Amino acid sequence: QVQLVESGGGLVQTGGSLRLSCAASGRAFSAYAMGWFRQAPGKVREFVANIDRSGRSTYYADSVKGRFTISRDNAKNTVYLQMNSLKPDDAAVYYCAVRISLFKINPRPSDYDYWGQGTQVTVSS
């Protein structure tokens, strides 16, 4: 099975920035689309961003559009999430995930096949 390890989470003030990384191993990284999800306490896991296997196409949740950027470096087997203008509502555990199937609009967690353990993002006011 593919292995995913997230890093880069931490504590930031409202308006600050973080860059999350997700390192993949165990499979041909460039063959799969990748996504980021987040889950806050007491909330369902929600979609954040998706990037296709080439890095050419990206898709974002409305709540983060214009503030977050997903990217990938296939040579490093790594996907990134650059988060700017962070808000308290962005606080959550952030997970990266592998999607083998074709992309679907409004992605759900069940559309993705492999998951990392998550990295905590805390935003203080």
Side-chain angles (χ1 to χ4, degrees):
Q1 296 183 351
V2 65
Q3 305 292 317
L4 303 172
V5 180
E6 300 100 333
S7 62
L11 173 64
V12 297
Q13 294 182 343
T14 297
S17 298
L18 283 174
R19 190 181 74 162
L20 307 183
S21 299
C22 175
S25 63
R27 301 287 176 87
F29 176 76
S30 63
Y32 304 113
M34 299 290 296
W36 286 96
F37 286 74
R38 66 189 184 186
Q39 188 166 18
K43 303 292 185 180
V44 300
R45 190 166 298 188
E46 64 177 1
F47 171 75
V48 176
N50 184 87
I51 188 166
D52 74 354
R53 61 185 181 180
S54 71
R56 179 177 179 182
S57 180
T58 59
Y59 180 79
Y60 299 92
D62 288 342
S63 60
V64 306
K65 193 174 300 181
R67 299 188 298 120
F68 291 11
T69 302
I70 187 171
S71 62
R72 69 191 298 163
D73 185 340
N74 286 348
K76 297 181 178 179
N77 287 355
T78 302
V79 63
Y80 305 95
L81 185 69
Q82 178 67 47
M83 305 185 296
N84 298 326
S85 301
L86 283 162
K87 307 173 181 179
D89 285 349
D90 295 319
V93 176
Y94 282 71
Y95 301 90
C96 66
V98 173
R99 181 178 55 79
I100 298 173
S101 62
L102 294 175
F103 176 76
K104 301 174 182 178
I105 196 167
N106 301 319
R108 296 177 177 273
S110 59
D111 296 323
Y112 294 75
D113 302 279
Y114 299 100
W115 295 82
Q117 295 299 305
T119 185
Q120 177 72 54
V121 172
T122 304
V123 184
S124 65
S125 60

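Because the structure is predicted, anything quoted here is derived from the model rather than measured. Below, all heavy atoms of this structure are taken into account, side chains as well, without hydrogens, waters or symmetry copies.
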Could you give the distance from [atom1] ([X]) to [atom2] ([Y]), rounded to the nearest 0.5 Å?
{"X": "Tyr80", "Y": "Met34", "atom1": "OH", "atom2": "CE", "result": "11.5 Å"}
{"X": "Ile70", "Y": "Gln82", "atom1": "CD1", "atom2": "CD", "result": "12.5 Å"}
{"X": "Cys22", "Y": "Arg72", "atom1": "SG", "atom2": "CZ", "result": "10.0 Å"}
{"X": "Leu81", "Y": "Ser21", "atom1": "CG", "atom2": "OG", "result": "9.5 Å"}
{"X": "Tyr95", "Y": "Leu4", "atom1": "OH", "atom2": "CG", "result": "13.0 Å"}
{"X": "Arg99", "Y": "Asp111", "atom1": "CZ", "atom2": "CG", "result": "8.0 Å"}

Is there a path of hydrophobic side-chain contacts, each under 4.5 Å between heavy atoms, that joins [X] and [Y]?
{"X": "Phe37", "Y": "Phe103", "value": "yes"}
{"X": "Ile105", "Y": "Leu102", "value": "no"}
{"X": "Phe47", "Y": "Val93", "value": "yes"}
{"X": "Val2", "Y": "Tyr94", "value": "yes"}

- [ ] Indicate, with yes or no, if the rings of Tyr32 and Tyr114 have centres closer together than 6.0 Å.
- [x]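 Centroid separation for Tyr32 and Tyr114: 6.0 Å or greater.
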TODO: Could you pull out all residues at least two apart from Lys87 that satisfy salt bridge (Lys or Arg N to Asp or Glu O under 4.0 Å)?
DONE: none
TODO: Using salt bridge (Lys or Arg N to Asp or Glu O under 4.0 Å) as the criterion, list what pairs up with Asp89, not counting sequence neighbours.
DONE: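 Result, salt bridge (Lys or Arg N to Asp or Glu O under 4.0 Å) vs Asp89: none returned.
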- [ ] Please confirm whether the backbone N or O of Leu20 pairs with a side-chain atom of Glu6, one donor and one acceptor, at under 3.5 Å?
- [x]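 Checked: no pair found.
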TODO: Report yes if some heavy atom in the side chain of Ser124 is under 4.5 Å from a heavy atom in the side chain of Gln13; otherwise report no.
DONE: yes
Task: Ser63 side chain near Arg38 side chain, heavy-atom distance below 4.5 Å - done: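 The answer is yes, as the side chains (C-beta and beyond) meet within the 4.5 Å cut-off.
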By side chain to side chain donor-acceptor pair (under 3.5 Å), which residues pair with [X], not counting sequence neighbours?
{"X": "Arg108", "answer": "none"}
{"X": "Lys65", "answer": "Asp62"}
{"X": "Ser54", "answer": "Asp52"}

For residues [X] and [Y], report the shortest heavy-atom separation together with the two atoms involved.
{"X": "Ser85", "Y": "Ser17", "value": "N-OG, 4.3 Å"}
{"X": "Pro88", "Y": "Ser125", "value": "CG-CB, 4.4 Å"}
{"X": "Asn74", "Y": "Ser30", "value": "ND2-CB, 3.5 Å"}

Task: Result of checking Tyr60, Tyr59, Phe68 against Val48 for side-chain contact (heavy atoms from CB on, under 4.5 Å) - done: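 With Val48 as partner, Tyr60, Tyr59, Phe68 yield a single side-chain contact (heavy atoms from CB on, under 4.5 Å), made by Phe68.
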Compile the donor-acceptor pairs under 3.5 Å between side chains in residues 116-123 and protein atoms, sequence neighbours left out, one pair per line.
unit_1: Thr119; atom_1: OG1; unit_2: Gly9; atom_2: N; d: 3.1
unit_1: Gln120; atom_1: NE2; unit_2: Ala92; atom_2: O; d: 3.4

Open item on the list: If you count heavy atoms of other groups shown closer than 6.0 angstrom to CZ of Arg53, is the number above 12?
Closed with: no
TODO: Evaluate the side chain to side chain contact (heavy atoms under 4.5 Å, CB included) criterion for residues Met83 and Val64: first the C-alpha distance (whole Å), next the side-chain angles of each, then the deciding distance (0.1 Å), finally the verdict.
DONE: CA-CA 8 Å; Met83 305 185 296; Val64 306; over 6 Å; no
